Amino acid sequence: MGVDEELHEKVRQAIQAIPHGRVATYGDIADLTRAPSPRLIGKILSEDGHDLPWHRVLRANGTPAPHLAREQLERLRAEGVLTEGEKVDLRAYRWADVVPEPERGLF
DNA sequence: AAGCTGACGGACG
DNA sequence: GCGTCCGCCAGCT
């Protein structure tokens with residue numbers, strides 16, 4: 001298996017591991033999986049993210065990607081994540097901030 | 001082969 | 001807080 005496919009899998013696992021009611025940024029996932037760039041996370045999600053909790057992944061400022069905003073915010077609201085306008089308060093819901101490193105699992 | 005295109009992010013004004 | 005610009009990476013044209 002090529003390293004790229006392995007990374008692809010790690011990224012999927014990391015996203016799968018984001019708890020209900022919590023969120024992460026593309027950058028968080030990139031760091032966690034040591035992906036070369038956050039851009040890659042979006043790429044992977046776009047082609048192979050349908051079966052993942054993709055709605056829990058936001059941009060660095062807490063807003064969703066524009067074309068997804070509607071459904072993403074709706075899904076987040078459904079699991080108790082409150083938003084101010086289009087923006088989620090990362091300080092309150094960010095997985096990486098709330099969950100201690102050891103409990104987050106290694107990727 | 002140069003250029004374009006993103007589910008991005010940080011720096012700057 | 002917001003718009004711009006630029007760096008970034010992989011895949012397509």
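Here the structure is a predicted model, which means the values were calculated and not measured. Convention: sequence-line order gives letters A, B, ...; per-chain numbering from 1.
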> From B:dA7, C:dG1, B:dG9, pick the nucleotide closest to the side chain of A:Lys87?
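Comparing B:dA7, C:dG1, B:dG9 against the side chain of A:Lys87, the answer is C:dG1.
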
> What's the CG-P distance between A:Asp48 and B:dA7, to the nearest Å?
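Between P of B:dA7 and CG of A:Asp48: 15 Å.
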
> Between B:dG10 atom P and A:Asn61 atom CG, what is the distance in whole Å?
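Rounded to whole Å, this separation is 10 Å.
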
> Which nucleotide in the list B:dG9, B:dA7, C:dC9 gets nearest to the side chain of A:Pro36?
C:dC9

> For residues A:Gly85 and A:Leu73, report the shortest heavy-atom separation together with the two atoms involved.
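Between these two residues, the closest heavy atoms are O-CD1, 4.5 Å.
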
> Can you name the nearest heavy-atom pair linking A:Arg59 to A:Leu90, along with the distance?
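The answer is O-CD1, 4.4 Å.
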
> Only one of A:Ile44, A:Leu45, A:Leu52 passes side chain to side chain contact (heavy atoms under 4.5 Å, CB included) with A:Val11; say which it is.
A:Ile44

> Which range-with-range stems can be found for DNA chain B when each stem has 3 or more Watson-Crick or G-U pairs in a row and both distances sit under 3.5 Å?
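Stems (3+ consecutive pairs) listed as B:2-6 with C:9-13, B:8-13 with C:2-7.
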
> Can you measure from OG1 (A:Thr83) to OH (A:Tyr93) and round to the nearest 0.5 angstrom?
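Between atom OG1 of A:Thr83 and atom OH of A:Tyr93 there are 8.5 Å.
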
> Side chain of A:Ser37: nearest nucleotide among C:dG1, C:dC9, B:dG9?
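Of the options given, the side chain of A:Ser37 lies nearest C:dC9.
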
> All N/O contacts under 3.5 Å from nucleotides 3-6 of chain B to the protein, with atom names and distances to one decimal?
none

> Looking at A:Ile41 and A:Ala35, what are the two nearest heavy atoms and their distance?
CD1-CB, 4.0 Å

> How many Å lie between CG on A:Asp51 and P on B:dA7, as a whole number?
18 Å

> Give the rounded distance in Å between these two atoms: CG of A:Leu32 and C1' of B:dG9.
17 Å

> Just the rounded figure in Å: distance from P of C:dG3 to CZ of A:Arg59.
11 Å

> List the atom of A:Glu79, the atom of A:Gly21, and the distance in Å for their closest heavy-atom pair.
OE2-N, 2.7 Å

> Nearest to the side chain of A:Leu40, which nucleotide is it out of C:dC8, B:dG9, C:dA10?
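Between C:dC8, B:dG9, C:dA10, the one nearest the side chain of A:Leu40 would be C:dA10.
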
> Please give, in whole Å, the distance from B:dA7 C1' to A:Trp54 CH2?
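Taking atom C1' of B:dA7 as the reference, CH2 of A:Trp54 is at 9 Å.
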
> Could you check whether any side-chain heavy atom of A:Ile15 comes within less than 4.5 Å of a side-chain heavy atom of A:Arg56, counting everything from C-beta outward?
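Contact flag for A:Ile15/A:Arg56 side chains = no.
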
> Could you check how far CG of A:Leu45 sits from P of C:dC9, rounded to whole Å?
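Those two atoms, CG and P, are 19 Å apart.
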
> Using atom OH of A:Tyr26 as one end and atom P of C:dC8 as the other, report the distance to the nearest whole Å.
21 Å

> What are the two closest non-hydrogen atoms of A:Asp48 and A:Arg12, and how far apart are they?
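A:Asp48 and A:Arg12 have their closest heavy atoms at O-NH1, 2.8 Å.
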
> Please name the pair of heavy atoms, one in A:Pro64 and one in A:Ala69, separated by the smallest distance, quoted to 0.1 Å.
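Heavy atoms of A:Pro64 and A:Ala69 come nearest at CG-CA, 3.7 Å.
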
